[in-house]
Amino acid sequence: MNLYRSHNCGELNLNHINKDVYISGWVNKKRDHGGLLFIDLRDEYGITQCVVNSDNSKFKILESLKLESVIKISGKVIRRSDDTINKSLPTGEIEVLSRNIEILSESEQIPFQVAVDDDSPEDLRLKYRYLDLRREKNHKNIILRSKIINSIRQKMINRGFLEIQTPILTASSPEGARDFLVPSRLHKGKFYALPQAPQIFKQLLMIANFDKYFQIAPCFRDEDARADRSPGEFYQLDFEMAFVEQNDIFQTIEPVLFEIFSENSKCSVSKPPFKIIKYKDSISLYGTDKPDLRNPLIINDATKSFIKSGFKIFEENIEKGFVVKAIKTPGSSSKPRGWFDKLNNWARNEGQKGLGYIIFENNEFKGPIANNLKEENLRTLKDLLDLENGDSIFFICDEENNASKFASIARTKLCNELGLLEKNIFKFCWIVDFPMFELDPQTKKIDFSHNPFSMPQGGMDSLVNKDPLEILAWQFDIVCNGVELSSGAIRNHKLDIMIKAFEIAGYSKDDLRDRFGSLSEAFKFGAPPHGGSAPGIDRILMLIAEEENLREVVAFPMNQQAEDLMMRSPNFVSSNSLDELGIDLKPEKKKKLT
RNA sequence: GGGGGUGUAGUUCAGUUGGUUAGAACGCCUGCCUGUCACGCAGGAGGCCGCGAGUUCGAGUCUCGUCACUCCCGCCA
């Protein structure tokens, strides 16, 4: 017998009629009729209406009791009369006729309403996160998170993966992001770093003959936040497999993602095998390496149709080396002139040169650009884009990189304007064949474009014989509805290839040893070919919960300034603590303290 | 580090070309009410209009600065 409840607040129904029960929970709402008081009692499982008559000894106290107080009510389950049934509650056919009532914990006035989902300011919600998390939607998101993480574990374990923990206090690594540093007391002046990802550890686990590893891994990066990027910490489904090629990884993780999404959402989900798109093709078709495939529009290169076309502005720009990107929008020719002009203005407001257009209707080309174009150019355009009556085409003429970037934004804008985005579906794709190296536009130096752990396609032969900028890596991203869920790769497990790759990127053997000493040392003692990936848990949740912001799927998130308003972190520490660590603050920082 | 947006009651918001005592809804308090479930009715309290300068006879409103939150760029192998 539990002291506090015989049943929870979500389970009582007609089967319990006339039973004596006792339930505990929060006072969600009260409706006071003077001679009779309704209390909606809430716990995690649901809401049960309790009736208190005015002859009850606690009646007066309950009338003045604040919402969100925690009480225990015992009484009899009774059937509601037909006209008082509440169909929106699972417990709506019954109510508890209250006898004894015990106040377990009285609440003060709450800073925002819990029972009503108002848009209270986020900093207030974060400061009182435990109240915020009582609200139905937020509560459900955290329950969903728990369910999904559990389900991921089961699915990975069932596929033969071992869950292995890796250190949180580790060494600063020379990876891309800023490290969080933790000062060492025993070694004054030295610092631990929190892992940006368990990258090196998981590769070392492969070398240690753990065939399939995974972990729901916390990752720490000291970078600025975005709506889809938590400041400080986030979680990845980190996994790695030995003796595999790229396709083995795809085949392993695709069903996991498919099942996670389809089991937890009403939307339909791409069935494995997922579409595979080469990086280069993604850039030319979508202008981005994380395309949203729910958007049916694609980008074409129409530069050729504008060479010596009679349309002066584009002609001259092409001679400067610019390109022309074209987006065909079916069924848009009937839009009024103002719609096209509005889009052109939008482009200019985005800091672009403009968004030209041609309308194709009744086998005729219309619009200001069409009037300037020669007949044969219009014909090549028609063939290139496979134009049909009712289509219109939008043009962006700019230097390649910018044209591509803006075409991507315009593609999204046009899709939204025309309401073309496919609804209630998760569309996955792999982006593969990323370039191994890229040219830093500032320094004109060659550097790793994604990550230095990836195996170059063609191995040593490519590194020796190919133009570095032509070399592709066994590197892949998984993208869902325009969100990059993860990066992965077949890793470079051969020391000589790694030395050569680093040399191309301008790093010496010593640099390699300094930066990745543990790994390059381990490669000397027999390393299996291996690869893996690390889908972001928070982003998966965001997609499934259909939230625009990561904070909505994290129990205790920090704000954009990387502060925890509830715990008041980060914060100053005592001078004793600093002394113990051998740390002295700079004078100007000290000043701010006082 | 840079750019945009927001800031008025506990909360969500309105507030006209600068012009009486700054409003509404929800919440809160008091009273009434035995069938509500967004309970109802009557009354009431609650405001450094983010903060600080400035312009003006007069500033919630205009200008400048500053702070907070948020979104974006940079950054995120």
Visitor: Listing time: all N or O pairs from protein to nucleotides 38-46 of chain B that are below 3.5 Å?
Guide:
| from | atom 1 | to | atom 2 | distance (Å) |
| --- | --- | --- | --- | --- |
| rC39(B) | N4 | Asp32(A) | O | 2.0 |

Visitor: Within the 4.0 Å heavy-atom criterion, would you say Thr84(A) contacts the bases, only the backbone, or no part of the nucleic acid?
Guide: base
Visitor: Return the polar atom pairs (N/O with N/O) between nucleotides 22-25 of chain B and the protein under 3.5 Å, or none.
Guide:
none

Visitor: Which nucleotide in the list rC33(B), rU34(B), rG74(B) gets nearest to the side chain of Glu63(A)?
Guide: rC33(B)
Visitor: Not counting sequence neighbours, list each pair that qualifies as a salt bridge (Lys or Arg N to Asp or Glu O under 4.0 Å) and has a residue in residues 53-66 of chain A.
Guide: Lys60(A)-Glu63(A)
Visitor: Between rC26(B) and rG7(B), how many Å separate the two P atoms, rounded to a whole number?
Guide: 23 Å
Visitor: Answer yes or no: does a side-chain N or O of Gln113(A) lie under 4.0 Å from OP1 or OP2 of rG10(B)?
Guide: no
Visitor: For a quick check of understanding: with a heavy-atom distance under 4.0 Å over all strands, which category does Gln49(A) fall into, base, sugar-phosphate or nothing?
Guide: base
Visitor: Answer yes when Glu93(A) and Lys87(A) have at least one side-chain N-carboxylate O distance shorter than 4.0 Å, and no when they do not.
Guide: no
Visitor: Restricting to nitrogen or oxygen on both sides, can you table the protein-nucleotides 2-9 of chain B pairs closer than 3.5 Å?
Guide:
none

Visitor: With RNA chain B as reference, determine whether Glu122(A) or Arg229(A) sits nearer its 5' end, using the nearest nucleotide of each.
Guide: Glu122(A)
Visitor: Dot-bracket for RNA chain B, 5' to 3', counting Watson-Crick or G-U wobble pairs under 3.5 Å, with [ ] for crossing pairs and | for inter-strand pairs?
Guide: (((((((..((((.....[...)))).(((((.......))))).....(((((..]....))))))))))))....
Visitor: Atom CD of Gln560(A) to atom P of rC72(B): distance rounded to whole Å?
Guide: 7 Å
Visitor: Scan residues 229-239 of chain A for pairs that pass salt bridge (Lys or Arg N to Asp or Glu O under 4.0 Å), counting only residues two or more places apart or in two chains.
Guide: Lys202(A)-Asp238(A)
Visitor: Under the rule for side chain to side chain donor-acceptor pair (under 3.5 Å), what residues qualify as partners of Gln560(A), not counting sequence neighbours?
Guide: none
Visitor: Over how many whole Å does the gap from Tyr128(A) atom OH to rG10(B) atom P extend?
Guide: 13 Å
Visitor: When we call it a touch if two heavy atoms are under 4.0 Å apart, what does Phe38(A) touch: a base, just sugar-phosphate, or nothing?
Guide: base
Visitor: Toward the 5' end of RNA chain B, which comes first, Arg221(A) or Arg80(A), by nearest nucleotide?
Guide: Arg80(A)
Visitor: Who are the side chain to side chain donor-acceptor pair (under 3.5 Å) partners of Glu245(A), not counting sequence neighbours?
Guide: none
Visitor: Distance check, C1' atoms only: rA38(B) and rG15(B), in whole angstrom units.
Guide: 27 Å
Visitor: Does Arg539(A) pair with Asp228(A) as a salt bridge, N-O distance under 4.0 Å?
Guide: yes
Visitor: Salt-bridge test for Arg31(A) and Asp40(A): reply yes if a basic N is under 4.0 Å from a carboxylate O, no otherwise.
Guide: yes
Visitor: Would the base of rC69(B) count as contacting Arg125(A) through its side chain, where contact means a donor and an acceptor less than 3.5 Å apart?
Guide: no
Visitor: Output every pair passing side-chain hydrogen bond (donor to acceptor under 3.5 Å, both in side chains) with a member in residues 77-86 of chain A, not counting sequence neighbours, ordered by first then second residue.
Guide: Ser81(A)-Asp83(A), Ser81(A)-Thr84(A), Asn86(A)-Ser88(A)
Visitor: Please report the distance, rounded to the nearest Å, between CG in Asp119(A) and C1' in rG10(B).
Guide: 16 Å
Visitor: Across the strands shown, which category fits Leu124(A) at heavy-atom distances under 4.0 angstrom: base, sugar-phosphate, nothing?
Guide: sugar-phosphate
Visitor: Just to confirm, is there a sub-4.0 Å distance from OP1 or OP2 of rU70(B) to any side-chain nitrogen or oxygen of Asn549(A)?
Guide: no
Visitor: For a quick test of reading the model: is some side-chain N or O of Arg551(A) closer than 4.0 Å to OP1 or OP2 of rC71(B)?
Guide: yes
Visitor: Which residue pairs satisfy the salt bridge (Lys or Arg N to Asp or Glu O under 4.0 Å) criterion with at least one member in residues 547-562 of chain A, sequence neighbours excluded?
Guide: Glu122(A)-Arg551(A), Arg125(A)-Glu552(A), Lys137(A)-Glu547(A), Lys137(A)-Glu552(A)
Visitor: Produce the list of close N/O pairs, under 3.5 Å, pairing protein atoms with atoms of nucleotides 65-68 of chain B; give distances to one decimal.
Guide:
none

Visitor: Under the side chain to side chain donor-acceptor pair (under 3.5 Å) test, which residues partner His16(A), sequence neighbours left out?
Guide: Asn13(A)
Visitor: Assess whether one donor atom and one acceptor atom, taken from the side chain of Asp83(A) and the base of rG35(B), lie less than 3.5 Å apart.
Guide: no
Visitor: Any salt bridge between Glu68(A) and Arg42(A), counting N to O under 4.0 Å?
Guide: yes
Visitor: Classify the side chain of Glu223(A) versus the base of rG74(B) as yes if they form a donor-acceptor pair under 3.5 Å and no if they do not.
Guide: no
